[in-house]
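Notes to accompany the following structure.
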Number of protein chains: 2
Amino acid sequence: MAKEPRATPYRRSRQRDRILELLRSTETHPTANWLYSKLRKEFPDLSMGTVYRNLGILAEQGLIKRIGFGSTFDRFDANTKHHYHFICESCGAIIDLELAIDNSLNDRVNRTSKHKAHTHDIQFQGICESCATRKKT
Amino acid sequence: MAKEPRATPYRRSRQRDRILELLRSTETHPTANWLYSKLRKEFPDLSMGTVYRNLGILAEQGLIKRIGFGSTFDRFDANTKHHYHFICESCGAIIDLELAIDNSLNDRVNRTSKHKAHTHDIQFQGICESCATRKKT
DNA sequence: GTTCATGCAAATCGTTTGCACAATG
DNA sequence: CATTGTGCAAACGATTTGCATGAAC
(Lines give C-alpha, C1' and ligand atoms only; values in the text may rest on other atoms or scores of the structure.)
Protein backbone atom coordinates (compact mmCIF):
# COMPACT_ATOMS: atom_id res chain seq x y z
CA MET A 1 0.00 0.00 0.00
CA ALA A 2 2.97 2.34 0.51
CA LYS A 3 4.99 3.76 -2.39
CA GLU A 4 8.75 3.44 -2.66
CA PRO A 5 10.49 6.32 -4.47
CA ARG A 6 12.74 4.27 -6.78
CA ALA A 7 16.36 3.28 -6.95
CA THR A 8 17.61 4.38 -10.39
CA PRO A 9 17.23 7.90 -11.77
CA TYR A 10 14.70 8.80 -14.42
CA ARG A 11 15.77 9.81 -17.88
CA ARG A 12 13.90 12.48 -19.74
CA SER A 13 11.84 11.74 -22.77
CA ARG A 14 10.03 13.97 -25.22
CA GLN A 15 6.91 11.88 -24.78
CA ARG A 16 6.80 12.28 -21.03
CA ASP A 17 7.51 16.01 -21.24
CA ARG A 18 4.62 16.47 -23.60
CA ILE A 19 2.24 14.34 -21.55
CA LEU A 20 2.91 16.54 -18.54
CA GLU A 21 2.60 19.76 -20.54
CA LEU A 22 -0.63 18.64 -22.08
CA LEU A 23 -2.02 17.66 -18.72
CA ARG A 24 -1.05 21.04 -17.32
CA SER A 25 -2.63 22.90 -20.19
CA THR A 26 -6.11 21.59 -19.57
CA GLU A 27 -8.76 22.07 -16.95
CA THR A 28 -10.38 18.77 -17.74
CA HIS A 29 -9.22 15.57 -16.13
CA PRO A 30 -8.15 13.56 -19.11
CA THR A 31 -8.16 9.84 -19.46
CA ALA A 32 -5.13 8.03 -20.82
CA ASN A 33 -6.95 7.61 -24.07
CA TRP A 34 -7.60 11.32 -24.46
CA LEU A 35 -3.91 12.06 -24.03
CA TYR A 36 -3.06 9.30 -26.44
CA SER A 37 -5.22 10.63 -29.23
CA LYS A 38 -4.00 14.20 -28.77
CA LEU A 39 -0.35 13.18 -28.79
CA ARG A 40 -0.77 10.81 -31.68
CA LYS A 41 -0.55 13.84 -33.97
CA GLU A 42 2.95 14.65 -32.74
CA PHE A 43 4.09 11.09 -32.25
CA PRO A 44 2.38 9.11 -34.99
CA ASP A 45 3.40 5.83 -33.53
CA LEU A 46 2.96 6.54 -29.89
CA SER A 47 1.63 3.58 -27.97
CA MET A 48 -0.76 3.31 -25.06
CA GLY A 49 1.89 1.45 -23.15
CA THR A 50 4.07 4.56 -23.23
CA VAL A 51 1.24 6.78 -22.10
CA TYR A 52 0.41 4.56 -19.16
CA ARG A 53 4.02 4.02 -18.19
CA ASN A 54 4.65 7.74 -18.16
CA LEU A 55 1.51 8.55 -16.28
CA GLY A 56 2.65 6.09 -13.66
CA ILE A 57 6.08 7.72 -13.45
CA LEU A 58 4.65 11.24 -13.25
CA ALA A 59 2.29 10.17 -10.51
CA GLU A 60 5.16 8.51 -8.66
CA GLN A 61 7.07 11.77 -8.88
CA GLY A 62 4.09 13.63 -7.48
CA LEU A 63 3.77 15.78 -10.57
CA ILE A 64 0.27 14.56 -11.30
CA LYS A 65 -2.45 12.76 -9.42
CA ARG A 66 -4.48 9.77 -10.43
CA ILE A 67 -8.04 10.45 -9.43
CA GLY A 68 -10.35 7.65 -8.54
CA PHE A 69 -11.38 5.71 -5.52
CA GLY A 70 -8.10 3.97 -4.94
CA SER A 71 -9.46 0.59 -5.88
CA THR A 72 -9.19 -1.16 -9.23
CA PHE A 73 -12.48 -2.94 -8.92
CA ASP A 74 -15.98 -1.84 -8.13
CA ARG A 75 -17.24 -2.07 -4.60
CA PHE A 76 -20.84 -2.19 -3.52
CA ASP A 77 -22.61 -0.81 -0.51
CA ALA A 78 -26.08 -1.69 0.78
CA ASN A 79 -26.02 1.26 3.15
CA THR A 80 -27.91 3.69 0.98
CA LYS A 81 -28.28 6.48 3.46
CA HIS A 82 -25.85 9.29 2.92
CA HIS A 83 -22.59 8.69 4.73
CA TYR A 84 -18.89 9.34 4.43
CA HIS A 85 -16.07 6.86 3.97
CA PHE A 86 -12.70 6.32 5.54
CA ILE A 87 -10.09 4.56 3.44
CA CYS A 88 -7.15 3.06 5.26
CA GLU A 89 -3.83 3.74 3.55
CA SER A 90 -2.29 0.77 5.25
CA CYS A 91 -4.77 -2.08 4.80
CA GLY A 92 -7.03 -0.64 2.13
CA ALA A 93 -10.22 -1.14 4.13
CA ILE A 94 -13.18 1.10 3.33
CA ILE A 95 -15.07 2.01 6.49
CA ASP A 96 -18.40 3.78 6.94
CA LEU A 97 -18.19 6.82 9.18
CA GLU A 98 -20.79 7.98 11.68
CA LEU A 99 -19.93 11.59 11.01
CA ALA A 100 -22.91 13.87 10.53
CA ILE A 101 -23.55 14.98 6.97
CA ASP A 102 -22.55 18.58 6.46
CA ASN A 103 -25.13 20.06 4.16
CA SER A 104 -23.57 23.47 4.37
CA LEU A 105 -20.92 22.18 2.01
CA ASN A 106 -23.37 22.07 -0.86
CA ASP A 107 -24.44 25.59 -0.01
CA ARG A 108 -20.88 26.79 -0.11
CA VAL A 109 -20.49 25.43 -3.62
CA ASN A 110 -23.75 26.98 -4.69
CA ARG A 111 -22.79 30.35 -3.27
CA THR A 112 -19.24 30.45 -4.60
CA SER A 113 -19.80 28.97 -8.04
CA LYS A 114 -22.45 28.76 -10.72
CA HIS A 115 -22.77 25.00 -10.38
CA LYS A 116 -25.78 23.50 -8.62
CA ALA A 117 -24.63 20.87 -6.13
CA HIS A 118 -27.26 18.41 -4.93
CA THR A 119 -25.05 16.16 -2.87
CA HIS A 120 -21.48 15.23 -2.19
CA ASP A 121 -19.27 12.39 -1.08
CA ILE A 122 -16.25 12.53 1.17
CA GLN A 123 -13.49 10.00 1.52
CA PHE A 124 -11.03 10.48 4.33
CA GLN A 125 -7.64 8.88 4.02
CA GLY A 126 -5.41 7.86 6.87
CA ILE A 127 -4.75 4.98 9.20
CA CYS A 128 -7.71 3.03 10.47
CA GLU A 129 -8.21 2.09 14.07
CA SER A 130 -7.01 -1.48 13.81
CA CYS A 131 -3.89 -0.62 11.81
CA ALA A 132 -3.09 2.18 14.27
CA THR A 133 -3.42 -0.24 17.20
CA ARG A 134 -1.01 -2.80 15.86
CA LYS A 135 1.48 0.02 15.30
CA LYS A 136 3.61 0.93 12.32
CA THR A 137 4.99 -1.82 10.05
CA MET B 1 -25.62 10.12 -18.26
CA ALA B 2 -29.09 9.94 -16.77
CA LYS B 3 -30.62 6.62 -15.75
CA GLU B 4 -33.93 5.47 -17.14
CA PRO B 5 -36.01 3.36 -14.73
CA ARG B 6 -36.90 0.53 -17.13
CA ALA B 7 -39.90 -0.52 -19.14
CA THR B 8 -40.57 -4.13 -18.11
CA PRO B 9 -40.96 -5.24 -14.50
CA TYR B 10 -38.27 -7.16 -12.67
CA ARG B 11 -38.84 -10.71 -11.64
CA ARG B 12 -37.57 -11.97 -8.34
CA SER B 13 -34.79 -14.46 -8.15
CA ARG B 14 -33.27 -16.34 -5.26
CA GLN B 15 -29.84 -15.24 -6.39
CA ARG B 16 -30.66 -11.57 -6.34
CA ASP B 17 -32.40 -11.83 -2.97
CA ARG B 18 -29.34 -13.43 -1.47
CA ILE B 19 -26.93 -10.93 -3.01
CA LEU B 20 -28.86 -8.11 -1.40
CA GLU B 21 -29.11 -9.90 1.96
CA LEU B 22 -25.42 -10.65 1.95
CA LEU B 23 -24.57 -7.09 1.09
CA ARG B 24 -26.78 -5.87 3.92
CA SER B 25 -25.24 -8.23 6.41
CA THR B 26 -21.75 -6.83 6.10
CA GLU B 27 -20.00 -3.64 7.07
CA THR B 28 -17.33 -4.13 4.43
CA HIS B 29 -17.83 -2.92 0.91
CA PRO B 30 -17.56 -6.14 -1.03
CA THR B 31 -16.38 -6.59 -4.54
CA ALA B 32 -18.35 -8.67 -7.01
CA ASN B 33 -15.84 -11.44 -6.57
CA TRP B 34 -16.26 -11.55 -2.80
CA LEU B 35 -20.01 -11.97 -3.19
CA TYR B 36 -19.46 -14.60 -5.84
CA SER B 37 -17.25 -16.76 -3.68
CA LYS B 38 -19.55 -16.50 -0.67
CA LEU B 39 -22.63 -17.41 -2.68
CA ARG B 40 -20.93 -20.19 -4.53
CA LYS B 41 -21.57 -22.38 -1.49
CA GLU B 42 -25.32 -21.96 -1.85
CA PHE B 43 -25.42 -21.86 -5.62
CA PRO B 44 -22.67 -24.20 -6.74
CA ASP B 45 -22.90 -23.10 -10.31
CA LEU B 46 -23.47 -19.45 -9.83
CA SER B 47 -21.77 -17.34 -12.47
CA MET B 48 -20.09 -13.97 -12.33
CA GLY B 49 -22.40 -12.80 -15.06
CA THR B 50 -25.34 -13.29 -12.70
CA VAL B 51 -23.61 -11.46 -9.88
CA TYR B 52 -22.82 -8.47 -12.04
CA ARG B 53 -26.21 -8.39 -13.69
CA ASN B 54 -27.93 -8.39 -10.32
CA LEU B 55 -25.66 -5.79 -8.84
CA GLY B 56 -26.56 -3.59 -11.76
CA ILE B 57 -30.26 -4.14 -11.20
CA LEU B 58 -30.04 -3.52 -7.45
CA ALA B 59 -28.13 -0.32 -8.05
CA GLU B 60 -30.68 0.77 -10.63
CA GLN B 61 -33.40 0.20 -8.04
CA GLY B 62 -31.50 2.27 -5.55
CA LEU B 63 -31.17 -0.62 -3.12
CA ILE B 64 -27.41 -0.53 -3.20
CA LYS B 65 -24.76 1.90 -4.30
CA ARG B 66 -21.76 1.34 -6.47
CA ILE B 67 -18.93 3.23 -4.90
CA GLY B 68 -16.23 4.78 -7.02
CA PHE B 69 -15.58 7.97 -8.81
CA GLY B 70 -18.37 7.63 -11.31
CA SER B 71 -15.92 6.87 -14.06
CA THR B 72 -14.84 3.46 -15.27
CA PHE B 73 -11.41 4.56 -16.30
CA ASP B 74 -8.62 6.41 -14.60
CA ARG B 75 -8.38 10.14 -14.90
CA PHE B 76 -5.31 12.25 -14.32
CA ASP B 77 -4.88 15.68 -12.87
CA ALA B 78 -1.82 17.94 -13.07
CA ASN B 79 -3.27 20.19 -10.38
CA THR B 80 -1.50 18.66 -7.41
CA LYS B 81 -2.56 21.11 -4.77
CA HIS B 82 -5.41 19.92 -2.61
CA HIS B 83 -8.76 20.77 -4.14
CA TYR B 84 -12.31 19.49 -4.38
CA HIS B 85 -14.16 18.26 -7.45
CA PHE B 86 -17.54 18.85 -8.94
CA ILE B 87 -18.97 16.09 -11.13
CA CYS B 88 -21.76 17.03 -13.47
CA GLU B 89 -24.60 14.51 -13.50
CA SER B 90 -25.67 15.67 -16.89
CA CYS B 91 -22.50 15.85 -18.97
CA GLY B 92 -20.09 13.94 -16.79
CA ALA B 93 -17.50 16.71 -16.63
CA ILE B 94 -15.15 16.78 -13.66
CA ILE B 95 -14.44 20.33 -12.61
CA ASP B 96 -11.93 21.71 -10.09
CA LEU B 97 -13.51 23.85 -7.40
CA GLU B 98 -12.05 26.97 -5.83
CA LEU B 99 -13.63 26.12 -2.50
CA ALA B 100 -11.33 26.48 0.50
CA ILE B 101 -10.11 23.24 2.00
CA ASP B 102 -11.89 22.51 5.25
CA ASN B 103 -9.30 21.00 7.53
CA SER B 104 -11.72 20.83 10.42
CA LEU B 105 -13.25 17.83 8.67
CA ASN B 106 -10.19 15.72 9.45
CA ASP B 107 -10.36 16.86 13.05
CA ARG B 108 -13.98 15.84 13.30
CA VAL B 109 -13.09 12.33 12.18
CA ASN B 110 -10.19 12.20 14.60
CA ARG B 111 -12.36 13.33 17.48
CA THR B 112 -15.35 11.13 16.77
CA SER B 113 -13.56 7.94 15.79
CA LYS B 114 -10.37 6.04 16.48
CA HIS B 115 -9.15 6.42 12.91
CA LYS B 116 -6.40 8.93 12.10
CA ALA B 117 -7.38 10.97 9.04
CA HIS B 118 -4.59 12.81 7.25
CA THR B 119 -6.54 14.16 4.34
CA HIS B 120 -9.79 13.84 2.48
CA ASP B 121 -11.36 14.30 -0.91
CA ILE B 122 -14.77 15.67 -1.72
CA GLN B 123 -16.77 15.25 -4.88
CA PHE B 124 -19.90 17.30 -5.26
CA GLN B 125 -22.55 16.08 -7.64
CA GLY B 126 -25.09 18.20 -9.43
CA ILE B 127 -25.52 20.22 -12.58
CA CYS B 128 -22.57 22.21 -13.82
CA GLU B 129 -22.78 25.79 -14.91
CA SER B 130 -22.88 25.17 -18.63
CA CYS B 131 -25.48 22.41 -18.40
CA ALA B 132 -27.60 24.60 -16.12
CA THR B 133 -27.41 27.45 -18.61
CA ARG B 134 -28.63 25.48 -21.57
CA LYS B 135 -31.49 24.25 -19.38
CA LYS B 136 -32.90 20.76 -18.93
CA THR B 137 -32.72 18.25 -21.79
C1' DG C 1 -47.15 -19.79 -22.24
C1' DT C 2 -44.52 -15.67 -22.47
C1' DT C 3 -40.87 -13.30 -20.77
C1' DC C 4 -37.13 -12.64 -17.67
C1' DA C 5 -33.07 -14.54 -15.15
C1' DT C 6 -29.53 -17.98 -15.24
C1' DG C 7 -25.13 -20.40 -16.43
C1' DC C 8 -21.77 -20.83 -19.61
C1' DA C 9 -18.34 -19.11 -22.61
C1' DA C 10 -16.68 -15.84 -25.51
C1' DA C 11 -16.08 -10.96 -26.04
C1' DT C 12 -14.82 -6.33 -24.52
C1' DC C 13 -12.36 -2.74 -22.37
C1' DG C 14 -8.96 -0.37 -19.69
C1' DT C 15 -4.48 -1.26 -18.22
C1' DT C 16 -0.03 -3.80 -17.75
C1' DT C 17 4.00 -6.28 -19.37
C1' DG C 18 7.85 -8.81 -22.15
C1' DC C 19 10.77 -8.05 -25.73
C1' DA C 20 13.99 -6.07 -29.30
C1' DC C 21 15.44 -1.64 -30.73
C1' DA C 22 16.15 3.42 -30.25
C1' DA C 23 17.26 7.37 -27.30
C1' DT C 24 19.37 9.38 -23.10
C1' DG C 25 23.12 10.74 -20.07
C1' DC D 1 28.35 2.22 -23.57
C1' DA D 2 25.33 1.18 -19.93
C1' DT D 3 20.77 1.65 -19.11
C1' DT D 4 16.22 3.63 -19.56
C1' DG D 5 12.33 4.65 -22.57
C1' DT D 6 9.81 3.30 -26.75
C1' DG D 7 6.61 0.76 -29.86
C1' DC D 8 4.53 -3.37 -30.70
C1' DA D 9 1.84 -7.13 -29.46
C1' DA D 10 0.43 -10.30 -26.36
C1' DA D 11 -1.27 -10.86 -21.56
C1' DC D 12 -4.22 -9.54 -17.92
C1' DG D 13 -8.14 -8.80 -14.80
C1' DA D 14 -12.55 -6.85 -14.15
C1' DT D 15 -16.81 -6.48 -16.28
C1' DT D 16 -20.22 -7.27 -20.04
C1' DT D 17 -22.82 -9.85 -23.37
C1' DG D 18 -25.00 -13.55 -26.70
C1' DC D 19 -27.22 -17.62 -26.49
C1' DA D 20 -29.90 -21.77 -25.13
C1' DT D 21 -32.27 -23.46 -21.09
C1' DG D 22 -34.84 -23.04 -16.72
C1' DA D 23 -37.64 -20.18 -13.46
C1' DA D 24 -41.19 -16.61 -12.46
C1' DC D 25 -45.59 -14.80 -13.12
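In what follows, chains carry the letters A, B, and so on, assigned in the order in which the sequence lines appear, proteins first and then strands, with residues in each chain numbered from 1. Just so you know, these numbers come straight off a predicted model, no measurement behind them.
The CG atom of B:Leu39 sits 14 Å away from the C1' atom of C:dT6 (whole-angstrom rounding). Rounded to whole Å, the distance from CG on B:Leu20 to P on C:dA5 is 15 Å. At whole-Å resolution of the value, CZ in A:Arg11 and P in C:dT24 are 10 Å apart. In this entry the distance linking CZ of B:Arg12 with C1' of C:dT3 reads 18 Å, nearest Å. Remark: P of D:dG5 and CG of A:Asp17 are 12 Å apart, rounded to the nearest angstrom. Whole-Å rounding puts the B:Phe76 CZ to C:dG14 C1' distance at 10 Å. To the nearest angstrom, P of C:dA5 lies 10 Å from CD of B:Glu60. Atom CD1 of B:Ile19 and atom P of C:dA5 are 12 Å apart (whole Å).
More than 12 heavy atoms of other residues, nucleotides or ligands shown are found within 6.0 angstrom of NZ on B:Lys65. The environment of A:Glu27 atom CD is sparse: at most 12 non-hydrogen atoms of other residues, nucleotides or ligands sit within 6.0 angstrom.
With sequence neighbours left out, the side chain to side chain donor-acceptor pair (under 3.5 Å) criterion links A:Arg40 to A:Tyr36.
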A:Arg18 and A:Glu21: CA distance, side-chain angles, deciding distance, salt bridge (Lys or Arg N to Asp or Glu O under 4.0 Å) verdict:
CA-CA 5 Å; A:Arg18 291 292 295 125; A:Glu21 270 186 65; 3.3 Å; yes
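No hydrogens or angles considered: a donor-acceptor pair under 3.5 Å links the side chains of B:Gln123 and A:Gln123.
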Within the 4.0 Å limit for protein heavy atoms, which parts of nucleotides 6-13 of chain D are touched? Write it as a string from 5' to 3', B for base, S for sugar-phosphate only, - for none.
BBB-----
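A tilted orientation is assigned to the rings of A:Phe124 and B:His120, their planes being inclined by 30° to 60°.
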